[in-house]
Amino acid sequence: MSEGEEETTLTTRQGHPVTNNQNMRTVGNRGPATLENYHFIEKITHFDRERIPERVVHARGAGAHGYFESYGKVGDEPISKYTRAKLFQAAGKRTPVFVRFSTVIHGGHSPETLRDPRGFAVKFYTEDGNWDLVGNNLKIFFIRDAIKFPDMIHAFKPDPVTNIQDNERFFDFCSNSPETLHMVTFVYSPWGIPANYRQMQGSGVNTYKWVNKEGKAVLVKYHWEPKQGIKNLTQAEAEAIQAKNFNHATQDLYEAIERGDYPEWELFVQILSDDDHPELDFDPLDDTKIWPRDQIPWRPVGRMVLNKNPENYFAEVEQAAFGTGVLVDGLDFSDDKMLQGRTLSYSDTQRYRVGPNYLQLPINAPKKHVATNQRDGQMTFYVDQAPGQNPHINYEPSSLNGLKEATKSAEEYKPYIEGHLVRESIDRTNDFKQAGETYRAFSDFERDDLIYNLVNALSTCRTEIQEKMIELFTKCDEDYGRRVAEGLKQHGNSNHHGPLGATSTHEAVKEAERKGHRTDSY
């Protein structure tokens, strides 16, 4: 430190002690200011760049640190029968994790009471490197092919002209995409508004694979079940909470951890043999479908505890970067079309949003040895160089003391692939059955809230969209379609264009003008 400097002394990023942080340098105390105001220029130009591009989806988020503890088994069987992933092998083995919860469609400071799926992303810092399990609170998704993702998000995001999220745009897309019906049924029920992050489920959504030491694979689905129980909100309850606190879920998570009430989830998996399962009436790779629990049991493999809040939201939660392609040995990809597309999109987004060296940030860096031949790029913090490595050699292979390939320790997984390259949908789409089963499985209050929300939302839509949606709901369940049709007939058309599920939005616009208090100019 320089003379007179203490640990708490304010400095610039260049390490210069700051003696006056209240005033720019000016000609006289009234100005003008000079261009060589280095401290001011450094401070204000950094401030101008304090925000990185907001995530296109999952912008609003909260996060926490913790650990995953393995049971060493899958149900009653040794887990090594199915996967050689090291984090699962020993009972009691703990792996550090960071979890980010989020809403999907809405912006970074949007209310956490809005109707929307919730993201549930877990970064495991394993001894073999990072594993990201990136999913949602709901176990399915709107679409089954990644090529439709930009269209879906465009339809669900605000109108590009008015900048208002609009139910009509949402249902215009859904009425022409029957595969969305199962997810629509969940999202417009109370399941579309979890009470908070601690009391919601998580799911990998996509189908993955586990690979054992012999190089044999099985299909696997992941499920996080909260030990705190599951709680959801009706539209009216959510609107009442939003009037008092628009970031209640973030506050709830932070305060629970601060008081030592650490949230906990148990991780379950479902396992199927690695084939197309013709005995099922759906394709197990179709992420619009739930694998029925009575046919494919849930098997516990471990638990996760969150016990530490972030020290800096931006550095840890905002810059946390996840990707479905971030797998470790013993885990692998299935042919799930959404998973294939997400694997490119997610990591590509992080390189654009945070920068090409996002994996050098502490929140994203693995907690183990890293040595690569990747060099340079924006915001390079250090070189991924091994001790004793020849610094002149940034390529492989080399005889000049460069990096070398790892020794293979297990049989490589070699799936057999055969077929014509086509642009076709899967054979077993079955878009209506599970949506109907979900509708019938709901409790009375969940069905009532679903119908109420759908009627309010569809009342803003043109007649042809209403008729299409009624026809599709009827294919799911006759009572489902009938109740929506009767509700629309009684409700009549309305003009409350706005957030999904919101009510009386047009009246709110008029009410603000009517109730606003007049005041004189100043």
Side-chain angles (χ1 to χ4, degrees), residues 55 58 61 63-70 79 83-90 93-102 119-135 202-206 208-211 220 222 224 265 267 269 301-308 310 315-334 339 342-374 377 379-386 403 405-406 409-410 413:
R55 288 170 168 88
H58 298 277
H65 298 268
Y67 62 86
F68 173 77
E69 183 177 294
S70 172
I79 203 162
T83 178
R84 61 187 188 232
K86 292 176 184 174
L87 80 158
F88 290 123
Q89 300 305 313
K93 181 182 180 67
R94 290 188 175 184
T95 301
V97 299
F98 180 78
V99 179
R100 186 176 186 272
F101 305 104
S102 57
F120 195 123
V122 183
K123 187 179 294 292
F124 299 78
Y125 301 96
T126 87
E127 63 197 275
D128 273 345
N130 290 352
W131 169 34
D132 291 351
L133 179 54
V134 192
S203 170
V205 179
N206 297 111
Y208 290 85
K209 288 182 182 179
W210 274 0
V211 181
V220 63
Y222 298 101
W224 295 106
W265 288 260
L267 180 61
V269 297
V301 296
R303 70 187 187 105
M304 179 174 70
V305 177
L306 299 183
N307 59 6
K308 182 178 179 294
E316 297 165 70
V317 182
E318 184 62 18
Q319 290 195 134
F322 299 85
T324 56
V326 185
L327 305 177
V328 294
D329 184 53
L331 313 178
D332 218 310
F333 307 96
S334 77
L339 176 60
R342 292 175 77 202
T343 295
L344 167 66
S345 178
Y346 275 53
S347 294
D348 182 54
T349 293
Q350 310 304 351
R351 284 185 283 271
Y352 161 72
R353 192 179 67 88
V354 186
N357 290 299
Y358 72 96
L359 291 172
Q360 292 190 345
L361 297 175
I363 192 65
N364 298 319
K367 300 181 186 296
K368 65 171 294 294
H369 164 76
V370 173
T372 78
N373 285 322
Q374 294 176 343
M379 302 296 283
T380 298
F381 181 53
Y382 52 82
V383 177
D384 301 328
Q385 194 165 294
L403 300 176
E405 295 173 328
S409 60
Y413 171 54

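In the model, Y413 has a side-chain atom that pairs as donor or acceptor with a side-chain atom of K209 under 3.5 Å.
To the nearest 0.5 Å, the span separating CD1 on I79 from CG on L87 amounts to 8.0 Å. Note that the CZ atom of R353 and the CG atom of D348 stand 12.5 Å from one another [nearest 0.5 Å]. Rounding to the nearest 0.5 Å places CG of L344 at 11.5 Å from CG of L339. Atom OG1 of T372 is separated from atom CG of L403 by 7.5 Å, given to the nearest 0.5 angstrom. How far CZ of F333 is from OG1 of T324: 7.0 Å, rounded to the nearest 0.5 Å. Between atom OG1 of residue T126 and atom NZ of residue K367 there is a gap of 12.0 Å, rounded to the nearest 0.5 Å.
Residues V211 and T83 fail the side-chain proximity criterion, which asks for heavy atoms closer than 4.5 Å. Side-chain contact between E316 and H65: present, with at least one pair of heavy atoms (C-beta onward) separated by less than 4.5 Å. For the pair S347 and Y358, the minimum side-chain heavy-atom distance is below 4.5 Å. Between S70 and F88, some side-chain heavy-atom pair lies under the 4.5 Å cut-off. Two residues are said to be in side-chain contact when any heavy atoms from C-beta on lie closer than 4.5 Å; W131 and L331 meet this criterion. Taking the side chain as every heavy atom from C-beta outward, R55 and T349 never approach each other to under 4.5 Å. Counting heavy atoms from C-beta outward, L306 and V99 have side chains that approach closer than 4.5 Å. Using a 4.5 Å cut-off on side-chain heavy atoms (C-beta onward), V134 and R342 make contact.
Figure legend: K123 and F98 shown without cation-pi pairing, the cationic atom not lying both under 6.0 angstrom from the six-membered ring centre and within 45 degrees of its axis.
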* To do: Under the side-chain contact (heavy atoms from CB on, under 4.5 Å) rule, what do W210 and V269 come out as? Steps first, then yes or no, please.
  => CA-CA 11 Å; W210 274 0; V269 297; 3.8 Å; yes
* To do: Give the intermediate values and the outcome of salt bridge (Lys or Arg N to Asp or Glu O under 4.0 Å) for residues K93 and E127.
  => CA-CA 11 Å; K93 181 182 180 67; E127 63 197 275; 2.6 Å; yes
* To do: Given side-chain contact (heavy atoms from CB on, under 4.5 Å), test M304 with V122 step by step and report yes or no.
  => CA-CA 10 Å; M304 179 174 70; V122 183; 3.9 Å; yes
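Panel note: side chain Q360, backbone A365; no donor-acceptor pair is recorded below 3.5 Å. For the pair T95 (side chain) and F124 (backbone), a donor-acceptor distance under 3.5 Å is absent. R100 places a side-chain N or O within 3.5 Å of a backbone atom of H58 that can act as its donor or acceptor partner. For the pair S102 (side chain) and G61 (backbone), a donor-acceptor distance under 3.5 Å is absent. Distance alone, capped at 3.5 Å, places no donor-acceptor pair between the D329 side chain and the A85 backbone.
The minimum heavy-atom distance linking F322 with A320 is given by the pair CE1-CB, 3.8 Å. Pairing each heavy atom of P310 with each of A64, the nearest pair is CD-CA, 4.2 Å.
Heavy atoms of other residues, nucleotides or ligands lying less than 6.0 angstrom from CZ of F381 number 12 at most.
Screening L359, V326, D132 for a side-chain contact (heavy atoms from CB on, under 4.5 Å) with N364, the sole residue that qualifies is L359. When the options W224, F101, Y222 are evaluated for a ring pair (Phe, Tyr, Trp, His ring centres under 6.0 Å) with W265, the one that passes is F101.
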